[in-house]
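A quick note: this is a predicted structure, and the numbers were derived from the prediction, not measured.
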Amino acid sequence: MAPQPPPVAPTTVVGAENYPADLVAAVVRATEAAASACLPLVGSGDKNAADELAVAAMRDALGLAPFDGTVIIGEGEKDEAPMLANGERLGTGIGPECDVAVDPLDGTRLAAENLPGAVAVIALAPRGSMFDPRDVFYMQKLIAGSAGIGVLDLRATPVQNATRLADALGKPLNELVVGVLDKPRHASLAAELRDAGMRVHLVGEGDVSIAIAAATPGSGIDAVMGTGGTPEGIIAACAVRSLGGFMQGRMAPQSESERAAAVSAGHDLNRVFRLEELVSSYRVLFVSTPVT
């Protein structure tokens with residue numbers, strides 16, 4: 001008999017008080033269905049197949065949820081997804097009207113290689129409260145716990161922000177840990193932070209997981225800096241909002257064609273978005289089920 005994958009770890013639910021219990025339970029079932037569906041392919045090396053299983057399972061479960069949901073952040077235009085695409089309607093149509101952000105498998109490569117950090121996530125907020133970042137696939141992000149509120153600013157340099165946060169946390173700069181995605185575009189950022197004496201925690205994937213860690217006191221990650229996916233940024237904003245943390249974002253096109261599309265869509269590429277602009281309502285439900 002083939003070895004069985006490990007059981008799914010406990011699901012994290014934040015903001016359950018904001019929604020009816022039957023809807024919260026349905027959303028939990030959806031993330032757990034997505035995580036369970038792709039477990040047989042954990043470590044298989046086939047990230048696309050694992051993602052497809054997670055997407056199908058989550059979509060089936062959300063179709064039965066007692067709400068009127070519209071996908072704002074889904075599998076997305078970039079992935080040409082046939083299911084859980086932006087604009088898709090979910091649920092029974094009876095119940096709260098919600099914006100929906102989903103990532104059935106955040107960290108597909110992590111799951112395929114059986115590395116820690118892959119999760120299935122869903123966030124809900126009242127209809128019209130999630131920022132729709134269409135036409136821009138990447139966002140510069142600055143994320144921390146509540147100590148960053150009124151202290152950090154994306155317009156400051158990374159070292160300035162790190163110094164301010166260390167002061168706010170009451171710890172030496174050389175004990176501050178900053179999460180950074182391990183991408184070529186971040187080589188100079190990581191070097192700058194290390195040269196200033198702080199510790200850099202590199203992660204290959206998992207925008208959402210590292211954002212949650214930064215917004216959670218005692219996680220071992222004090223802040224997140226750098227550029228990642230815009231869809232993941234909005235999901236992260238939902239998590240950070242529900243955890244009472246700090247976040248700012250700024251659109252960061254990675255090519256001239258993306259820049260042109262963003263400008264054509266009316267985006268101000270110099271604008272720094274505050275957390276309450278990324279998700280304007282406090283009534284957020286965030287649910288995350290670990291896969292690895």
Side-chain angles (χ1 to χ4, degrees), residues 72-73 76-78 86 99 101 103 106 123 125 129-165 168 178-193 196 200 203 205-215 221-241 243 245-281 284:
I72 303 300
I73 303 297
E77 176 186 349
K78 181 174 65 171
N86 297 5
D99 286 348
D103 198 335
D106 177 50
S129 58
M130 285 187 195
F131 174 65
D132 183 353
R134 67 180 63 217
D135 300 305
V136 186
F137 299 138
Y138 292 92
M139 173 189 287
Q140 183 185 6
K141 306 165 193 174
L142 178 59
I143 303 170
S146 58
I149 298 173
V151 171
L152 303 181
D153 192 320
L154 200 53
R155 287 159 289 213
T157 69
V159 172
Q160 286 172 335
N161 277 318
T163 302
R164 294 172 184 175
L165 183 60
V178 180
V180 177
L181 286 178
D182 190 7
K183 305 291 184 183
R185 62 178 176 266
H186 291 145
S188 60
L189 170 62
E192 181 181 355
L193 294 171
V200 174
V203 291
E205 282 192 23
D207 284 26
V208 176
S209 294
I210 196 69
I212 295 170
I221 304 294
D222 297 305
V224 166
M225 297 182 186
T227 299
T230 303
E232 291 86 351
I234 304 304
I235 297 174
C238 293
V240 173
R241 181 104 192 197
L243 291 165
F246 167 89
M247 180 173 177
Q248 287 181 346
R250 178 163 50 197
M251 303 295 102
Q254 298 297 293
S255 69
E256 284 306 315
S257 61
E258 284 184 28
R259 178 177 295 274
V263 172
S264 178
H267 290 293
D268 178 357
L269 300 184
N270 294 315
R271 178 180 176 184
V272 172
F273 290 88
R274 293 172 288 115
L275 179 58
E276 54 268 33
E277 293 174 307
L278 297 173
V279 185
S280 62
S281 175
V284 174

Trainee: Return the CD to CZ distance between Q254 and R259, rounded to the nearest 0.5 Å.
Mentor: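 Here the interatomic distance stands at 9.5 Å.
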Trainee: Once rounded to the nearest 0.5 Å, what's the spacing between atom CD1 of I143 and atom CG of D207?
Mentor: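 Result: 8.0 Å between the selected atoms.
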Trainee: Roughly how far, to the nearest 0.5 Å, is CG of D106 from CD1 of I235?
Mentor: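 The CD1 atom of I235 sits 7.0 Å away from the CG atom of D106.
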Trainee: Would a distance-only check, ignoring hydrogens and angles, find a side-chain to backbone donor-acceptor pair under 3.5 Å from R241 to V284?
Mentor: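 Judged by distance alone, no pair lies under 3.5 Å.
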Trainee: Minimum heavy-atom separation for A190 to V200, with atom names?
Mentor: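 Closest heavy-atom pair between A190 and V200: O-CG2, 3.8 Å.
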Trainee: Could you tell me the separation between the CE atom of M225 and the CG atom of L152, rounded to the nearest 0.5 Å?
Mentor: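 Result: 7.0 Å between the selected atoms.
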Trainee: What I'd like to find out is whether the side chain of M139 reaches to under 4.5 Å of the side chain of M251, using heavy atoms alone.
Mentor: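 Sidechains of M251 and M139: in contact.
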Trainee: Looking at D99 and I72, would you say the former's side chain and the latter's main chain have a donor-acceptor pair under 3.5 Å?
Mentor: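 Not at all, since once roles are kept as given, no pair shorter than 3.5 Å links the two residues.
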Trainee: Is it the case that the side chain of N161 and the backbone of D153 share a donor-acceptor pair, with hydrogens and angles ignored and the cut-off at 3.5 Å?
Mentor: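 Present.
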Trainee: Rounded to the nearest 0.5 Å, how far does CG of L165 lie from CZ of F246?
Mentor: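 The distance works out to 9.5 Å.
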Trainee: Is the shortest heavy-atom distance from the side chain of E192 to the side chain of V159 under 4.5 Å?
Mentor: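 The answer is yes; the side chains approach within 4.5 Å.
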Trainee: Looking at every heavy atom in both G249 and L278, which two are closest together, and how far apart are they?
Mentor: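 Reported closest heavy-atom pair: N-CD1, 4.4 Å.
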Trainee: Find out whether D132 and M130 are in side-chain contact, i.e. whether some heavy atom of one side chain is under 4.5 Å from a heavy atom of the other.
Mentor: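 In short, these two side chains do not touch, never coming nearer than 4.5 Å.
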Trainee: Considering all heavy atoms of both residues, which atom of F137 and which atom of P231 are nearest to each other, and what is their separation?
Mentor: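 Distance-wise, the nearest heavy atoms are O-CD, 3.9 Å.
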Trainee: Please name the pair of heavy atoms, one in E277 and one in F131, separated by the smallest distance, quoted to 0.1 Å.
Mentor: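 Closest pair (atom of E277, atom of F131, distance): O-CB, 3.7 Å.
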Trainee: Minimum heavy-atom separation for A125 to V279, with atom names?
Mentor: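 Answer, listing the atom of A125 first, then V279: CB-CG1, 4.3 Å.
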Trainee: Between Q248 (side chain) and L154 (backbone), is there a donor-acceptor pair under 3.5 Å?
Mentor: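 Yes: the side chain of Q248 pairs with the backbone of L154.
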Trainee: Could you measure the distance from the CD1 atom of I212 to the CG atom of L243? Nearest 0.5 Å is fine.
Mentor: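 Rounded to the nearest 0.5 Å, the CD1-CG separation comes out at 7.0 Å.
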Trainee: Between P133 and I73, is any pair of side-chain heavy atoms under 4.5 Å apart?
Mentor: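 Yes - at least one pair of side-chain heavy atoms lies under 4.5 Å apart.
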Trainee: Restricting to non-hydrogen atoms, name the atom on A211 and the atom on V240 that form the minimum distance, rounded to 0.1 Å.
Mentor: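 In this case the closest contact between A211 and V240 is O-CG2, 4.3 Å.
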Trainee: For the side chain of H186 and the backbone of L181, is there at least one donor-acceptor N/O pair under 3.5 Å apart?
Mentor: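 Here the side-chain-to-backbone pair exists.
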Trainee: With no hydrogens and no angle check, is any side-chain donor or acceptor of K183 less than 3.5 Å from a backbone partner on E205?
Mentor: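 Between the backbone of E205 and the side chain of K183 there is no qualifying donor-acceptor contact (under 3.5 Å).
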